[in-house]
A.B. asks: 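Take a look at the following structure, please.
Everything numeric here is computed off the predicted structure, so don't read it as measured data.
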Amino acid sequence: MPAGRGTPRTPPSGCTSSITVDFCPWCRRRLPASQRDRWFDELERRGIDPGEDEVPAEFQDDRWLAVLPRD
């Protein structure tokens, strides 16, 4: 799963719309809440622009979540 735990899916038709998958299509369990905003906020706090700078390895998987306080 992506580092932000988000599961957006873009239709393959090339259109710009997207959907978010809230439940696992196989087991029907609710997926974890997206951490996308927290991921970008934490990178910004560290002065990292993911569009311009190299993203540290710990932000490419779930390791970054382990060191942040829970909301």
A.B. asks: Measure up the Phe59 and Trp64 rings against each other and bin them: parallel (under 30°), tilted (30 to 60°), perpendicular (over 60°).
C.D. replies: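 Rings of Phe59 and Trp64: parallel, under 30°.
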A.B. asks: Indicate yes or no for a side-chain donor-acceptor contact from Arg63 to the backbone of Ala57 under 3.5 Å, with no hydrogens or angles considered.
C.D. replies: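 Looks like yes, one N/O pair under 3.5 Å.
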A.B. asks: When the side chains of residues 46-55 are checked against the rest of the protein, which donor-acceptor pairs come out under 3.5 Å, sequence neighbours left out?
C.D. replies:
unit_1	atom_1	unit_2	atom_2	d
Arg46	NE	Glu42	OE2	2.9
Arg46	NH2	Glu42	OE2	3.4
Asp49	OD1	Gly51	N	2.9
Asp53	OD2	Asp49	N	2.7

A.B. asks: What is the distance from atom CD of Gln35 to atom CG of Asp41, rounded to the nearest 0.5 Å?
C.D. replies: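 Between Gln35 CD and Asp41 CG, I get 10.5 Å after rounding to 0.5 Å.
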A.B. asks: Is the count of non-hydrogen atoms from other residues, nucleotides or ligands lying under 6.0 Å from Glu44 atom CD greater than 12?
C.D. replies: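 At most 12 heavy atoms, drawn from other residues, nucleotides or ligands, come within 6.0 Å of this atom.
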